[in-house]
Amino acid sequence: MATTTTMPAAAETATAAKPTTFAAALNTAMSDAMEREASVCVFGEDVGTLGGVFRITDGLTQRFGKGRCFDTPLAESGIAGMAMGMAMNGMRPVIEMQFDAFAYPALEQIFSHIAKTANRSRGRVRLPMVIRIPYGGGVGGVEHHCDSSEAYYAHTPGLKIYTPATVSDAYLMLREAIDSPDPVVFFEPKKLYWTKESVDLSALRNQYETAAEDPSAQAAGVGAEGRAVVVREGSDVSFISYGPSVSTALKAADAAAEDGISAEVLDLRSIVPFDDAALAATVAKTGRAIVISEAQGFVSVAAEIVARIQERSFHSLSSPVKRVTGFDIPYPSPKLEEHHLPSVDRILDALDELQWED
């Protein structure tokens, strides 16, 4: 059973720490992985010469050559299928789908073949590949550019689902995804690409690579797979979130503190595998929970989280669990997205609706 962990504070204390963007952390993670392992290659639409729509792959072609970072035709199904074939034959492809909804033409390859190959072959054929998907709203995009499609993939056995919420995790989790022997769908919150933290990427590299060589590292709590992190301690209510909504949950926790309510914030990080132990621990501690996610609420990851709390932690609850999610509508126009996405005000409204009297 996975347990809650807190990442080592090397990035915060290292003397070489400097303001670093989420995008730069992802770029460095791919570069370091390509430098360390010749089987790692990167491809997708416009990722080569242009460096990707969001410049996440900037400079990789220049550094490693067109054979290891290259552009593909505008054919997501073909991108996924080619990556699968390469993974079956010893490569570690990292593919970019450019935008969340652009990946839908590749769902047949991903769901019917990539997700099922290990099971179909009884483990004889593994697919070490990463499907990078920029996702979520908050960037003023239109439909087909701002979907939160994680539930589709999480519902499909055979796929791992990661979504970092911090610059440090962007680096560490992408390195872990690239090293995984099984396919990882790596969701990158677009609105976080240009956020900054003071980190030392060299220290993170040494931390990750040292842990990767230590067989006991996972047991010691190093790694994000199936491990949630309490990013803010609290005692009255748990805000449970992942990816782009974690920063919103933290802001809401600050606002709640002004009213004397102590909110704990749990960043799930890994949706599949899921950290049930961390979820149960935070609910047992606070007795109340609000699940926060940008995706539509109906048949969602947020709905699954609520179900798990109900099934495993019912007797810890002092109030029914609340959800603050996107509305069950197609993604709205840029002028309306602030009303659609979870906000501090909507979270505080949900907080007021919790049962506070015994």
Side-chain angles (χ1 to χ4, degrees), residues 1-5 135-137 147-157 159-166 169 173 185 187 189 224-234 236-250 252-253 256 263-328 340-343 346-351 353-355:
M1 179 72 70
T3 56
T4 311
T5 186
Y135 85 123
D147 281 12
S148 293
S149 50
E150 60 270 24
Y152 301 142
Y153 301 88
H155 185 70
T156 304
L159 301 173
K160 296 177 181 178
I161 315 296
Y162 295 175
T163 179
T166 67
D169 269 353
M173 292 174 66
V185 183
F187 282 99
E225 181 176 306
R227 294 179 182 273
V229 173
V230 174
V231 292
R232 179 188 174 111
E233 297 281 351
D236 297 327
V237 62
S238 298
F239 292 163
I240 300 156
S241 191
Y242 57 87
S245 297
V246 172
S247 58
T248 307
L250 286 167
E264 180 154 293
V265 179
L266 182 71
D267 176 6
L268 294 173
R269 302 160 88 213
S270 167
I271 297 174
V272 180
F274 189 87
D275 193 343
D276 280 302
L279 184 65
T282 190
V283 173
K285 179 180 180 182
T286 68
R288 297 175 177 85
I290 298 176
V291 183
I292 305 159
S293 170
E294 286 192 8
Q296 297 94 327
F298 186 70
V299 195
S300 62
V301 172
E304 174 64 21
I305 295 168
V306 173
R308 286 171 179 259
I309 295 172
Q310 171 74 11
E311 291 171 352
R312 295 165 169 81
S313 303
F314 178 79
H315 294 289
S316 297
L317 291 172
S318 300
S319 176
V321 182
K322 289 286 186 180
R323 284 183 291 166
V324 179
T325 69
F327 297 114
D328 296 323
H340 173 73
L341 297 175
S343 64
R346 289 180 60 198
I347 295 170
L348 295 181
D349 287 344
L351 193 62
E353 294 172 1
L354 291 175
Q355 180 177 321

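- In this structure, the separation between CG on Leu268 and OG on Ser293 is 9.5 Å, given to the nearest 0.5 Å.
- Considering only heavy atoms from C-beta on, Tyr242 stays 4.5 Å or farther from Phe187 through its side chain.
- Side-chain contact between Glu150 and Thr163: absent, with no pair of heavy atoms (C-beta onward) separated by less than 4.5 Å.
- Checked against salt bridge (charged side-chain N to carboxylate O under 4.0 Å, His left out), Arg308 has the following partners two or more places apart in sequence or in another chain: Asp276, Glu304.
- Checked against side-chain hydrogen bond (donor to acceptor under 3.5 Å, both in side chains), Ser148 has no partners two or more places apart in sequence or in another chain.
- Residue Tyr152 holds its OH atom at 13.5 Å from CD1 of Ile161, rounded to the nearest 0.5 Å.
- With sequence neighbours excluded, no residue forms a side-chain hydrogen bond (donor to acceptor under 3.5 Å, both in side chains) with Ser241.
- Every residue was checked against the side-chain hydrogen bond (donor to acceptor under 3.5 Å, both in side chains) condition with Ser149, not counting sequence neighbours, and none meets it.
- In terms of the side-chain contact (heavy atoms from CB on, under 4.5 Å) criterion, residue partners of Ala350 (sequence neighbours excluded) are, by chain and number, Ile290, Lys322, Val324.
- Legend: residues meeting side-chain contact (heavy atoms from CB on, under 4.5 Å) with Ala280, ordered by chain and number and at least two apart, are Ser313.
- Heavy-atom minimum distance, Val301 versus Ala154: CG2-CB, 4.4 Å.
- Residues forming a ring-ring contact (aromatic ring centres under 6.0 Å, His included) with Phe298 (at least two apart in sequence, or on another chain): none.
- Qualifying salt bridge (charged side-chain N to carboxylate O under 4.0 Å, His left out) partners for Arg346, counting only residues two or more places apart in sequence or in other chains: none.
- For the pair Ser270/Asp275, no side-chain contact is recorded, criterion being any heavy-atom separation below 4.5 Å from C-beta on.
- You'll find the side chain of Leu266 reaches within 4.5 Å of the side chain of Val230, heavy atoms only.
- Residues satisfying the side-chain contact (heavy atoms from CB on, under 4.5 Å) test with Ala165, not counting sequence neighbours, are Val246, Asp267.
- For Leu317, the side-chain contact (heavy atoms from CB on, under 4.5 Å) criterion is met by Val283, Ile309, Val321, not counting sequence neighbours.
- Scanning for salt bridge (charged side-chain N to carboxylate O under 4.0 Å, His left out) contacts around Glu264 gives Lys285, with sequence neighbours left out.
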- Item | Stepwise side-chain contact (heavy atoms from CB on, under 4.5 Å) check, Tyr153 with Val272 | CA-CA 9 Å; Tyr153 301 88; Val272 180; over 6 Å; no
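- With sequence neighbours left out, the side-chain hydrogen bond (donor to acceptor under 3.5 Å, both in side chains) criterion links Tyr162 to Glu225.
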